[in-house]
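Model, not experiment: these values are computed from the prediction. Just the heavy atoms: all of them, side chains too, but no hydrogens, waters or symmetry mates, feed the values below. Numbering starts at 1 and runs along the sequence shown.
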Amino acid sequence: MAETNKGIEEEVARAFVNHYYHLFDNDRSSLCTLYNPTSLLTFEGQKVYGVEDISNKLKQLPFDQCRHLISTVDSQPSSMAGGCGGILVFVSGSLQLHGEDHPLRFSQTFHLIPLLKGSFFVQNEMFRLNYG
């Protein structure tokens, strides 16, 4: 892969991660703009399909306030049939819940697919807390 493309892929991944967790921590209801009707979220083993159900799942989490502390962001180019120029993003970090002393470790993966207007949407997402 050309170094130029690598830089763009990493830049897009980091920008997306910063945007996603900023919205999650400050305006969770706005996360719905990042999904489309074919999006799939697997959250702690539960599969949730489409914008409305994913948005509802995220809004109904048993906490209102939190802060994500990102440790690592790894990215790879991906291509589905036709070579769409997607990006696979793997994130690890900590989730600090309001009023809790100890942060929770988590891992999250996003498969970003480009839209015609130069932005991306989340096609696939997986989230797991890391215990132990």
Residue pair [X] / [Y]: nearest heavy atoms and the distance that separates them:
| X | Y | value |
| --- | --- | --- |
| Gln123 | Thr38 | NE2-O, 2.7 Å |
| Thr42 | Lys47 | OG1-CG, 3.7 Å |
| Ile87 | Ser78 | N-OG, 3.6 Å |
| Pro37 | Val51 | N-CG2, 3.7 Å |
| Leu97 | Cys66 | CD2-CB, 3.8 Å |
| Val91 | Phe110 | CG2-CE1, 4.1 Å |

(Q) For Glu100, is there any backbone N or O sitting under 3.5 Å from a side-chain donor or acceptor partner on Gln96? (A)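 Such a contact is found between Gln96 side chain and Glu100 backbone.
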Q. Heavy-atom distance under 4.5 Å between the side chains of Leu112 and Val122, does that happen here?
A.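 The answer is yes, as the side chains (C-beta and beyond) meet within the 4.5 Å cut-off.
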(Q) If you take the centroid of each ring, where Trp contributes its six-membered ring, are Phe106 and His68 closer together than 6.0 Å? (A) yes
**Q.** Phe120 ring center near Phe16 ring center (under 6.0 Å)
**A.** no
Q. Between Phe90 and Leu34, is there a shared hydrophobic cluster once you connect ILVMFWY residues whose side-chain heavy atoms come closer than 4.5 Å?
A.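 No.
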Q) With sequence neighbours left out, which residue pairs that include part of residues 16-27 fulfil the salt bridge (charged side-chain N to carboxylate O under 4.0 Å, His left out) condition? A)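 Passing the test, one end in residues 16-27: no pairs.
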Q. Any ring-ring contact (aromatic ring centres under 6.0 Å, His included) pairs touching residues 32-60, not counting sequence neighbours?
A. Phe43-Phe127
Q.
If I take atom CZ from residue Arg128 and atom CD from residue Glu44, how far apart are they, to the nearest 0.5 angstrom?
A.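 Rounded to the nearest 0.5 Å, the CZ-CD separation comes out at 5.0 Å.
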Q: Consider only side-chain N and O atoms of Ser92 and Ser71, and report whether a donor and an acceptor are under 3.5 Å apart.
A: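 No, Ser71 and Ser92 have no side-chain donor paired with an acceptor closer than 3.5 Å.
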Atom pairs and distances, side-chain donor-acceptor, residues 52-59, under 3.5 Å, sequence neighbours left out:
from  : atom 1 : to    : atom 2 : distance (Å)
Asn56 : ND2    : Glu52 : O      : 3.3
Lys57 : NZ     : Gln46 : OE1    : 2.9

